[in-house]
Amino acid sequence: MKTVLITGCSSGIGEACARHFAAQGWSVAATMRNPAAAAHLKDIPNIKLLALDVTDKASIAKAVADALAAFGQIDALVNNAGYGLFGPFELASDELIERQFKTNLFGLFDVTRAVLPTMREQRSGVIVNISSIGGLTTFPLNSLYHATKYAVVGFSESLNFELAPFGVRVKVVAPGGVATDFGGRSLALTFSGDGQPYADAIAKVVAAFRARQSARSTSEYLAECIYAAATDGTRKTLYVAGEDAVALVAARKTMTDEQYLAFTEQRMGLA
Ligand SMILES: NC(=O)c1ccc[n+]([C@@H]2O[C@H](COP(=O)([O-])OP(=O)(O)OC[C@H]3O[C@@H](n4cnc5c(N)ncnc54)[C@H](OP(=O)(O)O)[C@@H]3O)[C@@H](O)[C@H]2O)c1
(Lines give C-alpha, C1' and ligand atoms only; values in the text may rest on other atoms or scores of the structure.)
Protein backbone atom coordinates (compact mmCIF):
# COMPACT_ATOMS: atom_id res chain seq x y z
CA MET A 1 0.00 0.00 0.00
CA LYS A 2 1.42 3.42 -0.95
CA THR A 3 1.78 6.14 1.65
CA VAL A 4 1.28 9.88 1.42
CA LEU A 5 2.15 12.52 4.00
CA ILE A 6 0.02 15.66 3.72
CA THR A 7 0.40 18.94 5.65
CA GLY A 8 -2.49 21.15 6.72
CA CYS A 9 -5.18 18.44 6.88
CA SER A 10 -7.45 20.10 9.44
CA SER A 11 -9.72 21.55 6.75
CA GLY A 12 -10.10 22.51 3.10
CA ILE A 13 -7.84 21.10 0.42
CA GLY A 14 -5.66 19.15 2.86
CA GLU A 15 -8.60 17.40 4.46
CA ALA A 16 -10.12 16.60 1.06
CA CYS A 17 -6.75 15.23 -0.07
CA ALA A 18 -6.49 12.98 2.97
CA ARG A 19 -9.94 11.58 2.27
CA HIS A 20 -9.28 11.16 -1.47
CA PHE A 21 -5.92 9.38 -1.14
CA ALA A 22 -7.44 7.11 1.52
CA ALA A 23 -10.39 6.33 -0.75
CA GLN A 24 -7.90 5.34 -3.48
CA GLY A 25 -6.36 2.79 -1.12
CA TRP A 26 -3.36 4.79 0.10
CA SER A 27 -2.13 4.95 3.68
CA VAL A 28 -2.34 8.59 4.73
CA ALA A 29 -0.25 10.43 7.30
CA ALA A 30 -2.67 13.32 7.71
CA THR A 31 -0.73 16.01 9.54
CA MET A 32 -2.04 19.16 11.17
CA ARG A 33 -1.26 21.53 14.00
CA ASN A 34 -3.95 20.17 16.28
CA PRO A 35 -5.03 16.56 15.58
CA ALA A 36 -7.27 16.61 18.67
CA ALA A 37 -9.62 18.90 16.74
CA ALA A 38 -9.88 16.52 13.75
CA ALA A 39 -12.56 14.14 14.96
CA HIS A 40 -13.99 14.14 11.42
CA LEU A 41 -10.96 12.19 10.10
CA LYS A 42 -10.33 9.95 13.09
CA ASP A 43 -12.43 6.97 12.06
CA ILE A 44 -11.20 6.54 8.49
CA PRO A 45 -9.23 3.25 8.62
CA ASN A 46 -6.09 4.06 6.60
CA ILE A 47 -5.69 7.63 7.88
CA LYS A 48 -3.26 8.28 10.73
CA LEU A 49 -3.50 11.73 12.32
CA LEU A 50 -0.16 13.29 13.28
CA ALA A 51 0.75 16.64 14.82
CA LEU A 52 2.86 18.80 12.52
CA ASP A 53 3.35 22.56 12.57
CA VAL A 54 5.36 23.50 9.48
CA THR A 55 7.04 26.31 11.42
CA ASP A 56 8.35 23.87 14.08
CA LYS A 57 11.23 21.66 12.92
CA ALA A 58 10.96 19.31 15.90
CA SER A 59 7.31 18.62 15.12
CA ILE A 60 8.21 17.98 11.46
CA ALA A 61 10.93 15.48 12.42
CA LYS A 62 8.60 13.70 14.83
CA ALA A 63 5.70 13.48 12.37
CA VAL A 64 7.95 12.09 9.61
CA ALA A 65 9.47 9.55 12.03
CA ASP A 66 5.99 8.53 13.24
CA ALA A 67 4.73 8.17 9.67
CA LEU A 68 7.70 5.97 8.78
CA ALA A 69 7.24 3.90 11.92
CA ALA A 70 3.57 3.37 11.06
CA PHE A 71 3.85 2.80 7.30
CA GLY A 72 7.52 2.04 6.57
CA GLN A 73 7.75 4.34 3.54
CA ILE A 74 6.62 7.71 2.18
CA ASP A 75 5.77 7.57 -1.52
CA ALA A 76 4.24 11.01 -1.82
CA LEU A 77 4.39 14.30 0.06
CA VAL A 78 1.74 16.99 -0.38
CA ASN A 79 2.96 20.34 0.93
CA ASN A 80 -0.42 21.99 1.38
CA ALA A 81 -0.30 23.99 4.65
CA GLY A 82 -0.49 27.72 4.09
CA TYR A 83 -2.48 30.87 4.58
CA GLY A 84 -2.99 34.23 2.91
CA LEU A 85 -1.63 37.58 4.03
CA PHE A 86 -3.75 40.36 2.57
CA GLY A 87 -3.18 44.10 2.61
CA PRO A 88 -0.74 46.84 1.70
CA PHE A 89 2.91 45.81 1.81
CA GLU A 90 3.93 49.08 3.47
CA LEU A 91 1.78 48.35 6.53
CA ALA A 92 3.02 44.79 7.15
CA SER A 93 5.12 44.29 10.29
CA ASP A 94 8.37 42.28 10.20
CA GLU A 95 6.60 39.66 12.27
CA LEU A 96 3.73 39.28 9.80
CA ILE A 97 6.12 39.07 6.85
CA GLU A 98 8.26 36.46 8.61
CA ARG A 99 5.24 34.37 9.60
CA GLN A 100 3.97 34.34 6.01
CA PHE A 101 7.32 33.15 4.68
CA LYS A 102 7.91 30.70 7.54
CA THR A 103 4.60 29.00 6.86
CA ASN A 104 4.17 29.13 3.08
CA LEU A 105 7.81 28.76 2.03
CA PHE A 106 10.34 27.87 4.73
CA GLY A 107 7.90 25.38 6.26
CA LEU A 108 7.52 23.72 2.86
CA PHE A 109 11.32 23.61 2.54
CA ASP A 110 11.68 22.02 5.99
CA VAL A 111 9.04 19.33 5.43
CA THR A 112 10.58 18.55 2.03
CA ARG A 113 14.06 18.21 3.57
CA ALA A 114 12.69 15.93 6.27
CA VAL A 115 11.16 13.55 3.70
CA LEU A 116 13.83 13.65 0.99
CA PRO A 117 16.34 11.23 2.53
CA THR A 118 13.63 8.55 2.64
CA MET A 119 12.54 9.14 -0.96
CA ARG A 120 16.14 9.28 -2.16
CA GLU A 121 16.96 5.97 -0.46
CA GLN A 122 13.76 4.40 -1.79
CA ARG A 123 14.78 5.76 -5.22
CA SER A 124 11.19 6.83 -5.77
CA GLY A 125 8.77 9.45 -4.63
CA VAL A 126 6.68 12.42 -5.69
CA ILE A 127 6.38 15.78 -3.99
CA VAL A 128 3.33 17.90 -4.79
CA ASN A 129 3.66 21.49 -3.66
CA ILE A 130 0.54 23.63 -3.45
CA SER A 131 1.17 27.06 -4.91
CA SER A 132 -1.68 29.17 -6.29
CA ILE A 133 -2.90 31.09 -9.29
CA GLY A 134 -1.22 33.72 -7.12
CA GLY A 135 2.10 32.01 -7.96
CA LEU A 136 1.56 32.66 -11.68
CA THR A 137 -0.32 35.97 -11.83
CA THR A 138 -0.85 38.78 -9.34
CA PHE A 139 -3.74 40.63 -7.72
CA PRO A 140 -3.69 43.92 -5.84
CA LEU A 141 -2.83 43.94 -2.10
CA ASN A 142 -1.46 40.39 -2.04
CA SER A 143 2.23 41.08 -2.68
CA LEU A 144 3.62 39.05 0.22
CA TYR A 145 1.42 36.02 -0.46
CA HIS A 146 2.46 36.21 -4.13
CA ALA A 147 6.11 36.39 -3.08
CA THR A 148 5.76 33.06 -1.28
CA LYS A 149 3.68 31.33 -3.95
CA TYR A 150 5.85 32.49 -6.90
CA ALA A 151 8.82 31.14 -4.96
CA VAL A 152 7.11 27.76 -4.57
CA VAL A 153 6.69 27.48 -8.36
CA GLY A 154 10.36 28.19 -9.15
CA PHE A 155 11.61 26.05 -6.28
CA SER A 156 9.49 23.09 -7.37
CA GLU A 157 10.50 23.10 -11.01
CA SER A 158 14.20 23.49 -10.27
CA LEU A 159 14.25 20.71 -7.69
CA ASN A 160 13.36 18.23 -10.43
CA PHE A 161 16.79 18.51 -11.98
CA GLU A 162 18.67 17.36 -8.88
CA LEU A 163 16.14 14.75 -7.76
CA ALA A 164 15.48 13.03 -11.11
CA PRO A 165 18.58 10.79 -10.79
CA PHE A 166 17.09 9.47 -7.53
CA GLY A 167 13.68 8.73 -9.06
CA VAL A 168 11.98 11.62 -7.23
CA ARG A 169 9.62 14.00 -9.06
CA VAL A 170 8.40 17.40 -7.93
CA LYS A 171 5.08 18.83 -9.06
CA VAL A 172 3.34 22.09 -8.32
CA VAL A 173 -0.41 22.60 -8.27
CA ALA A 174 -1.72 26.14 -8.76
CA PRO A 175 -5.38 26.36 -7.74
CA GLY A 176 -7.65 29.27 -8.57
CA GLY A 177 -10.33 30.11 -6.02
CA VAL A 178 -11.35 27.15 -3.85
CA ALA A 179 -14.28 27.17 -1.41
CA THR A 180 -12.44 26.61 1.90
CA ASP A 181 -11.64 28.51 5.10
CA PHE A 182 -8.86 30.28 3.21
CA GLY A 183 -10.68 33.61 2.99
CA GLY A 184 -11.81 33.40 6.64
CA ARG A 185 -9.82 31.59 9.33
CA SER A 186 -6.73 31.37 7.11
CA LEU A 187 -6.56 35.04 6.13
CA ALA A 188 -4.28 37.44 7.98
CA LEU A 189 -4.22 41.19 7.41
CA THR A 190 -1.21 43.48 7.14
CA PHE A 191 -3.28 46.39 8.48
CA SER A 192 -5.55 47.31 11.35
CA GLY A 193 -8.66 49.47 11.19
CA ASP A 194 -9.51 50.49 7.64
CA GLY A 195 -5.84 50.48 6.56
CA GLN A 196 -5.21 54.18 5.91
CA PRO A 197 -3.77 55.52 3.65
CA TYR A 198 -4.83 52.53 1.52
CA ALA A 199 -8.41 52.29 2.83
CA ASP A 200 -10.08 53.13 -0.48
CA ALA A 201 -8.16 50.45 -2.42
CA ILE A 202 -8.71 47.88 0.35
CA ALA A 203 -12.49 48.43 0.34
CA LYS A 204 -12.65 48.11 -3.45
CA VAL A 205 -10.49 44.98 -3.66
CA VAL A 206 -12.33 43.24 -0.80
CA ALA A 207 -15.63 43.94 -2.58
CA ALA A 208 -14.24 42.59 -5.87
CA PHE A 209 -12.96 39.36 -4.23
CA ARG A 210 -16.32 38.83 -2.50
CA ALA A 211 -18.17 39.26 -5.79
CA ARG A 212 -16.02 36.53 -7.38
CA GLN A 213 -16.63 33.84 -4.76
CA SER A 214 -19.17 31.97 -6.88
CA ALA A 215 -16.44 30.99 -9.38
CA ARG A 216 -14.58 28.82 -6.85
CA SER A 217 -13.74 25.12 -7.24
CA THR A 218 -14.47 22.62 -4.48
CA SER A 219 -11.73 21.19 -2.29
CA GLU A 220 -12.79 17.71 -3.51
CA TYR A 221 -12.00 18.78 -7.09
CA LEU A 222 -8.61 20.04 -5.93
CA ALA A 223 -7.96 16.73 -4.18
CA GLU A 224 -8.59 14.93 -7.48
CA CYS A 225 -6.16 17.27 -9.28
CA ILE A 226 -3.50 16.74 -6.61
CA TYR A 227 -3.98 12.97 -6.70
CA ALA A 228 -3.68 13.03 -10.51
CA ALA A 229 -0.47 15.08 -10.26
CA ALA A 230 0.95 12.61 -7.74
CA THR A 231 0.10 9.52 -9.75
CA ASP A 232 0.20 10.36 -13.49
CA GLY A 233 3.78 9.10 -13.81
CA THR A 234 4.78 11.98 -16.10
CA ARG A 235 7.38 14.72 -15.82
CA LYS A 236 4.68 17.38 -16.20
CA THR A 237 5.54 19.92 -13.53
CA LEU A 238 2.82 22.57 -13.32
CA TYR A 239 -0.89 21.80 -12.87
CA VAL A 240 -3.21 24.80 -13.05
CA ALA A 241 -6.39 23.76 -11.25
CA GLY A 242 -9.83 25.31 -11.64
CA GLU A 243 -11.61 26.88 -14.60
CA ASP A 244 -10.99 30.40 -13.27
CA ALA A 245 -7.25 29.76 -12.97
CA VAL A 246 -6.96 28.14 -16.41
CA ALA A 247 -8.82 31.07 -18.01
CA LEU A 248 -6.73 33.69 -16.22
CA VAL A 249 -3.40 32.07 -17.07
CA ALA A 250 -4.47 31.82 -20.72
CA ALA A 251 -5.64 35.44 -20.76
CA ARG A 252 -2.40 36.67 -19.14
CA LYS A 253 -0.36 35.05 -21.89
CA THR A 254 -2.11 37.20 -24.50
CA MET A 255 -1.48 40.49 -22.66
CA THR A 256 1.38 42.90 -22.37
CA ASP A 257 2.31 43.94 -18.84
CA GLU A 258 0.50 47.24 -19.35
CA GLN A 259 -2.63 45.41 -20.51
CA TYR A 260 -2.52 43.05 -17.52
CA LEU A 261 -2.24 45.89 -15.01
CA ALA A 262 -5.16 47.75 -16.61
CA PHE A 263 -7.26 44.55 -16.91
CA THR A 264 -6.67 43.66 -13.26
CA GLU A 265 -7.28 47.20 -11.98
CA GLN A 266 -10.57 47.14 -13.83
CA ARG A 267 -11.58 43.69 -12.49
CA MET A 268 -10.64 44.63 -8.95
CA GLY A 269 -12.60 47.89 -9.01
CA LEU A 270 -9.49 50.08 -8.91
CA ALA A 271 -10.06 51.77 -12.27
N1 LIG B 1 -8.69 28.36 -1.03
C2 LIG B 1 -8.15 28.98 -2.06
O3 LIG B 1 -8.81 29.77 -2.77
C4 LIG B 1 -6.72 28.69 -2.43
C5 LIG B 1 -6.28 29.09 -3.70
C6 LIG B 1 -4.96 28.85 -4.06
C7 LIG B 1 -4.11 28.19 -3.19
N8 LIG B 1 -4.56 27.81 -1.96
C9 LIG B 1 -3.61 27.14 -1.07
O10 LIG B 1 -4.15 25.92 -0.63
C11 LIG B 1 -3.55 25.57 0.62
C12 LIG B 1 -4.63 25.08 1.58
O13 LIG B 1 -5.54 26.13 1.86
P14 LIG B 1 -7.12 25.89 1.96
O15 LIG B 1 -7.74 26.69 0.88
O16 LIG B 1 -7.44 24.46 2.07
O17 LIG B 1 -7.45 26.69 3.32
P18 LIG B 1 -7.79 26.14 4.79
O19 LIG B 1 -8.99 25.27 4.76
O20 LIG B 1 -7.84 27.35 5.64
O21 LIG B 1 -6.53 25.23 5.15
C22 LIG B 1 -5.28 25.76 5.47
C23 LIG B 1 -4.55 24.68 6.23
O24 LIG B 1 -3.19 25.13 6.46
C25 LIG B 1 -2.92 24.83 7.82
N26 LIG B 1 -1.84 25.62 8.38
C27 LIG B 1 -1.69 26.95 8.49
N28 LIG B 1 -0.54 27.24 9.12
C29 LIG B 1 0.04 26.06 9.44
C30 LIG B 1 1.23 25.68 10.10
N31 LIG B 1 2.07 26.59 10.61
N32 LIG B 1 1.51 24.36 10.22
C33 LIG B 1 0.68 23.41 9.74
N34 LIG B 1 -0.47 23.71 9.13
C35 LIG B 1 -0.78 25.02 8.96
C36 LIG B 1 -4.23 25.12 8.54
O37 LIG B 1 -4.18 24.54 9.82
P38 LIG B 1 -4.95 25.11 11.12
O39 LIG B 1 -6.30 24.45 11.12
O40 LIG B 1 -4.09 24.68 12.26
O41 LIG B 1 -5.01 26.61 10.95
C42 LIG B 1 -5.17 24.41 7.59
O43 LIG B 1 -5.15 23.01 7.80
C44 LIG B 1 -2.77 26.80 1.09
O45 LIG B 1 -1.39 26.59 0.84
C46 LIG B 1 -3.30 27.91 0.20
O47 LIG B 1 -2.34 28.93 -0.02
C48 LIG B 1 -5.85 28.03 -1.56
Side-chain angles (χ1 to χ4, degrees), residues 5-20 29-41 49-60 62-64 77-86 96 98-111 114 128-139 142 144-153 155-156 172-188 209-210 212-223 225-226 229 238-246 248-249:
L5 186 147
I6 308 169
T7 63
C9 289
S10 67
S11 63
I13 297 169
E15 178 189 341
C17 255
R19 291 182 188 279
H20 190 73
T31 76
M32 63 197 75
R33 285 192 283 200
N34 181 15
H40 48 297
L41 289 177
L49 303 184
L50 295 170
L52 190 161
D53 179 334
V54 299
T55 66
D56 175 351
K57 285 188 188 186
S59 87
I60 294 171
K62 181 163 185 342
V64 170
L77 164 65
V78 179
N79 277 312
N80 163 73
Y83 71 94
L85 179 58
F86 172 81
L96 282 170
E98 277 164 26
R99 195 163 76 83
Q100 176 77 146
F101 275 79
K102 272 187 182 163
T103 306
N104 291 10
L105 190 60
F106 301 140
L108 178 150
F109 290 169
D110 288 338
V111 179
V128 184
N129 292 328
I130 309 307
S131 177
S132 168
I133 181 65
L136 303 170
T137 56
T138 64
F139 307 107
N142 274 281
L144 292 161
Y145 180 69
H146 288 306
T148 64
K149 293 298 188 179
Y150 267 71
V152 168
V153 174
F155 169 72
S156 304
V172 59
V173 173
V178 189
T180 67
D181 275 350
F182 187 72
R185 187 171 57 88
S186 292
L187 192 67
F209 275 125
R210 288 213 174 111
R212 283 196 153 61
Q213 289 199 348
S214 56
R216 296 185 299 176
S217 303
T218 63
S219 43
E220 288 75 21
Y221 173 73
L222 254 297
C225 295
I226 292 164
L238 175 65
Y239 298 73
V240 180
E243 281 176 21
D244 57 337
V246 170
L248 190 56
V249 168

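Values below: all heavy atoms of this structure, side chains included; hydrogens, waters and symmetry mates excluded. The model shown is predicted, which means the values in this text are computed figures rather than measured ones. When a ligand or atom number is given, it counts from 1 through the structure's own listing order.
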| said: Using a 3.5 Å cut-off on N or O atoms only, is Tyr83 in polar contact with ligand 1? | reply: no
| field | ligand 1 contacted by Lys149 (non-hydrogen, < 4.0 Å) | value | yes
| Taking non-hydrogen atoms only, is Thr31 closer than 4.0 angstrom to ligand 1 via side chain, backbone, both or neither? | neither
| field | Heteroatom proximity flag, Ile130 to ligand 1, N/O under 3.5 Å | value | no
| query | Would you say Gly14 has any N or O atom under 3.5 Å from an N or O of ligand 1, going by distance alone? | reply | no
| said: Taking 4.0 Å as the limit for heavy-atom contacts, which would you say applies to Ser131 with ligand 1: side chain only, backbone only, both, or neither? | reply: backbone
| said: Return the closest protein heavy atom for atom 34 (N) of ligand 1 as residue, atom name and distance. | reply: Ala81 CB, 3.4 Å
| request: Indicate yes or no: does an N/O atom of Ser186 lie under 3.5 Å from an N/O atom of ligand 1? | output: yes
| query | Do any N/O atoms on Val54 end up under 3.5 angstrom from N/O atoms on ligand 1? | reply | yes
| request: Report yes or no: does a heavy atom of Asp53 sit under 4.0 Å from some atom of ligand 1? | output: yes
| said: Please check whether Val178 reaches ligand 1 - meaning an N/O of the residue sits under 3.5 Å from an N/O of the ligand, judged on distance alone. | reply: yes
| With backbone taken as N, CA, C and O and side chain as the heavy atoms from C-beta onward, which portion of Thr103 lies under 4.0 Å from ligand 1: side chain, backbone, both, or neither? | side chain
| Gly107: heavy atom below 4.0 Å from ligand 1, yes or no? | no
| message | Just to confirm my output: which protein heavy-atom neighbour is closest to atom 19 (O) of ligand 1, and how far is it? | response | Ser11 OG, 2.8 Å
